[in-house]
Amino acid sequence: MQLLTADTSLMDSIAAMFSYDAAKPLSLMSSAFMVMLLIFGVGYMAVRRRVTLRTIYVVCFSLFVYYKMSGVYLLLLLGVALSDYLIAHRVAESRERGESARRWVALSATINILILVYFTASNFIAESITTLYGSGTLDWEPVVKIVGVSFFVFQSLAYVIDVSRGTVAPLCRIEDYLFMLSFFPKIVCGPLVKARDFIPQIGSSAEVSREDMGRAVTLIATGLLKFTLISQVLGTLFVGPAFAGKLGDGGMVSLLAIYGFTMQLYCDFSGFSDFAVGLALMMGFRLPDNFDAPYKSATITEFWRRWHISLSSWLRDYLYISLGGNRKGKIRTYVNLFLTMFLGGLWHGVSLTFMAWGALHGIALALHKVWLSLVPGAKKVGAEMRPIWRVLATLLTLHVVAFGWLLFNAPDMDTVGTMLHNIAHNFSFAELGALDTLSKIAVATMLIGYILHYLPRSANDRVREGITRMGFVGMMVVMVATIWVVGQCNTMLADYRAAESKAIAESSNGEITTSSNAGLPAYGAF
């Protein structure tokens with residue numbers, strides 16, 4: 001009987017490993033994924049020099065990873081891939097015959113945009129209708145936003161547009177297109193990869209030099225540490241409770257929460273991106289860098305050259321230029337900038353706060369264009385400025401961006417107004433002393449994040465060079481140590497969240513009182 005029970009337990013564990021758990025979907029930063037990655041790596045080393053087999057192997061693993069993250073919505077990814085693979089061939093055939101391919105591009109755009117609208121805007125539309133016409137108007141089941149949907153939709157649409165422009169030829173094999181679209185390091189949050197840059201790599205030898213390995217290990221380690229030790233700690237222990245009003249209504253707490261989310265979001269998103277770029281490089285594939293110390297920017301234009309670089313490039317190449325760019329006069333240029341950023345805000349989600357965030361950046365970019373045209377000697381980037389002006393301009397840009405992140409993270413405009421009111425009318429440095437120990441630890445973590453962010457580029461270069469000189473064994477020690485530290489931190493945060501959830505549940509039954517940090521959201525990938 002004991003043997004039968006053990007066999008059943010083993011089978012259940014194996015079944016769980018290969019099935020999707022809606023209550024606990026896979027995260028690329030989890031210990032479970034690290035184990036999967038280790039197993040994948042053994043097989044990858046065996047097939048990496050055999051291009052066709054390597055392609056199929058990586059595609060199968062990528063699709064499995066996406067299934068573990070999204071379940072049945074894997075079919076959505078496969079549907080988009082098949083649709084645009086076929087449409088791209090129709091586009092190429094139309095070009096060869098000297099015909100317009102616009103109808104095929106329009107078909108791809110319609111399919112992809114409708115998918116994006118459904119998963120990002122349908123809840124907002126349904127709530128608006130319910131608000132206007134009453135709660136019984138719609139029998140609506142809320143739509144869950146699918147992991148990575150906007151990234152693979154944007155990338156697939158860009159591929160069709162590139163084929164129509166003649167910058168890339170349509171891929172002959174569906175597995176090659178699936179490789180580009182579903183490549184697991186970038187499936188969650190990019191970077192968005194241009195087809196003309198990535199397609200040639202699919203059939204390459206995927207060689208990895210010692211310098212490549214050193215850079216890869218550095219990126220993976222720093223990405224994991226940024227995401228866990230700064231973003232997760234900061235969001236869980238301070239930013240989440242502060243935005244939820246659980247740390248009081250003081251102005252100091254509100255201001256620190258804005259600064260905190262500014263650093264949290266950067267470490268969350270750039271940590272994922274660093275991890276993706278490093279992981280791909282370790283496999284022999286080169287993804288574009290996605291962040292370049294964006295809070296060092298001295299102008300809003302420079303910020304968008306440093307923040308989410310692949311998305312900025314996508315918006316420029318496929319939206320701003322399509323709207324006319326700067327080819328139709330100054331006024332139209334300002335309008336196009338505003339529309340591009342406003343639509344970029346909607347891409348993140350359809351709500352008043354995201355609309356306001358997009359509008360803020362659109363207006364800021366347009367005003368900077370006006371400034372450049374009206375003021376002799378005005379500069380686009382900080383490197384062109386005198387040191388004192390660069391410092392002042394960097395501080396100004398940081399606070400414009402931070403105000404935007406307040407709009408980005410706030411659940412509604414009332415929260416925005418409340419936090420700004422607290423800063424203006426209820427500000428006291430004494431609030432720092434009143435914070436609990438965990439909140440103080442989180443604030444200290446935020447300060448460390450800013451210090452590291454403003455270090456010169458040469459400091460990062462020295463770290464990378466040092467890791468490279470360690471050799472393979474030293475690099476593996478760095479990787480193992482990083483994964484261990486991240487695992488310990490994740491365990492502590494999970495225990496903390498579990499304790500807080502238990503406190504909330506017991507409090508709802510009138511047994512105990514919740515702590516100030518109860519009910520906080522668990523922040524994940526952007």
Side-chain angles (χ1 to χ4, degrees), residues 112 116 120 148 150-159 161-162 165 167 186 188-198 262 265-274 276-277 286-327 333-349 354-369 372 379-384 393-394 397-398 400-405 407-408 453 525-526:
N112 285 295
L116 197 58
T120 60
S150 55
F151 286 93
F152 69 73
V153 161
F154 269 26
Q155 189 163 299
S156 195
L157 176 57
Y159 166 72
I161 295 173
D162 284 342
R165 292 175 176 176
T167 56
K186 65 178 180 60
V188 172
C189 56
L192 290 164
V193 179
K194 293 179 179 178
R196 64 176 178 268
D197 295 330
F198 193 74
T262 298
L265 183 61
Y266 166 73
C267 289
D268 186 313
F269 204 178
S270 71
F272 249 106
S273 293
D274 288 348
V277 174
R286 286 157 177 77
L287 303 181
D289 291 332
N290 216 16
F291 291 86
D292 181 19
Y295 299 145
K296 291 181 180 179
S297 304
T299 68
I300 198 68
T301 300
E302 184 180 3
F303 173 77
W304 280 104
R305 293 179 179 180
R306 291 171 172 262
W307 175 273
H308 201 346
I309 299 168
S310 63
L311 175 62
S312 300
S313 299
W314 196 100
L315 292 173
R316 180 196 64 213
D317 295 342
Y318 301 105
L319 184 55
Y320 176 69
I321 291 176
S322 297
L323 290 170
N326 59 1
R327 303 186 304 272
T333 297
Y334 305 147
V335 172
N336 290 341
L337 282 171
F338 176 82
L339 288 175
T340 298
M341 296 311 303
F342 183 76
L343 292 172
L346 292 179
W347 175 67
H348 291 94
F354 284 130
M355 293 178 194
W357 175 81
L360 169 70
H361 279 277
I363 292 170
L365 285 169
L367 288 176
H368 187 231
K369 282 279 189 183
L372 291 172
K379 308 299 182 183
K380 279 189 176 183
V381 297
E384 301 171 352
T394 299
T397 302
L398 174 65
V400 171
V401 170
F403 174 65
W405 292 142
L407 296 171
F408 193 93
H453 186 79
F526 171 65

*S310 side chain to L192 backbone, donor-acceptor under 3.5 Å*: yes

*Can any side-chain N or O of N336 pair as donor or acceptor with the backbone N or O of G325 at less than 3.5 Å?*
yes

*Under the salt bridge (Lys or Arg N to Asp or Glu O under 4.0 Å) rule, what do E384 and K380 come out as? Steps first, then yes or no, please.*
CA-CA 8 Å; E384 301 171 352; K380 279 189 176 183; over 6 Å; no

Spacing of [X] atom [atom1] and [Y] atom [atom2] [to the nearest 0.5 Å]:
{"X": "F269", "Y": "F291", "atom1": "CZ", "atom2": "CZ", "answer": "4.5 Å"}
{"X": "T262", "Y": "F403", "atom1": "OG1", "atom2": "CZ", "answer": "12.0 Å"}
{"X": "T167", "Y": "D162", "atom1": "OG1", "atom2": "CG", "answer": "3.5 Å"}
{"X": "S273", "Y": "L287", "atom1": "OG", "atom2": "CG", "answer": "9.5 Å"}

State, with a plain yes or no, whether a side-chain heavy atom of [X] is found less than 4.5 Å away from one of [Y].
{"X": "F303", "Y": "H361", "value": "yes"}
{"X": "N290", "Y": "V277", "value": "no"}
{"X": "Q155", "Y": "K186", "value": "yes"}
{"X": "F151", "Y": "V193", "value": "no"}
{"X": "S312", "Y": "W307", "value": "no"}
{"X": "L323", "Y": "V335", "value": "no"}
{"X": "Y320", "Y": "T333", "value": "yes"}
{"X": "D317", "Y": "K194", "value": "yes"}

Shortest non-hydrogen separation from [X] to [Y] and the atoms involved:
{"X": "G404", "Y": "L360", "answer": "CA-CD2, 3.5 Å"}
{"X": "G190", "Y": "A276", "answer": "O-CB, 3.8 Å"}
{"X": "R165", "Y": "S322", "answer": "NH2-OG, 3.8 Å"}
{"X": "A298", "Y": "G382", "answer": "CB-CA, 3.5 Å"}

*asked:* Any carboxylate oxygen within less than 4.0 angstrom of a Lys/Arg side-chain nitrogen, looking at R305 and D292?
replied: no

*Given the rule in the side chain to side chain contact (heavy atoms under 4.5 Å, CB included) test, do R327 and I321 qualify, once you have shown the distances and angles that lead to the verdict?*
CA-CA 9 Å; R327 303 186 304 272; I321 291 176; 3.6 Å; yes

*asked:* Centre-to-centre under 6.0 Å for W314 and W304, is that the case here?
replied: no

*For the residue pair F354 and W347, is the inter-centroid distance of their aromatic rings smaller than 6.0 Å?*
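No.
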
*What residue among S270, P294, C267 forms side chain to side chain contact (heavy atoms under 4.5 Å, CB included) with H453?*
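It is P294, the one option of S270, P294, C267 that forms the side chain to side chain contact (heavy atoms under 4.5 Å, CB included) with H453.
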
*Only one of L337, T397, I363, T301 clears side chain to side chain contact (heavy atoms under 4.5 Å, CB included) with H368; which?*
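The side chain to side chain contact (heavy atoms under 4.5 Å, CB included) with H368 is passed solely by T301 among L337, T397, I363, T301.
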
_Side chains of N326 and Y334, donor plus acceptor under 3.5 Å_ = no

_Run the side chain to side chain contact (heavy atoms under 4.5 Å, CB included) test on F408 and H348 for me, step by step, so that the C-alpha distance in whole Å, both residues' side-chain angles and the decisive distance to 0.1 Å come before the verdict._
CA-CA 9 Å; F408 193 93; H348 291 94; 3.8 Å; yes

*Dump the intermediate steps for side chain to side chain contact (heavy atoms under 4.5 Å, CB included) on V401 and W405, then the final yes or no.*
CA-CA 6 Å; V401 170; W405 292 142; 3.2 Å; yes

*Start with the C-alpha distance between L116 and F154, add both sets of side-chain angles, then the distance that settles side chain to side chain contact (heavy atoms under 4.5 Å, CB included), and finish with yes or no.*
CA-CA 9 Å; L116 197 58; F154 269 26; 3.4 Å; yes

*What residues form a salt bridge (charged side-chain N to carboxylate O under 4.0 Å, His left out) with R286, not counting sequence neighbours?*
D212

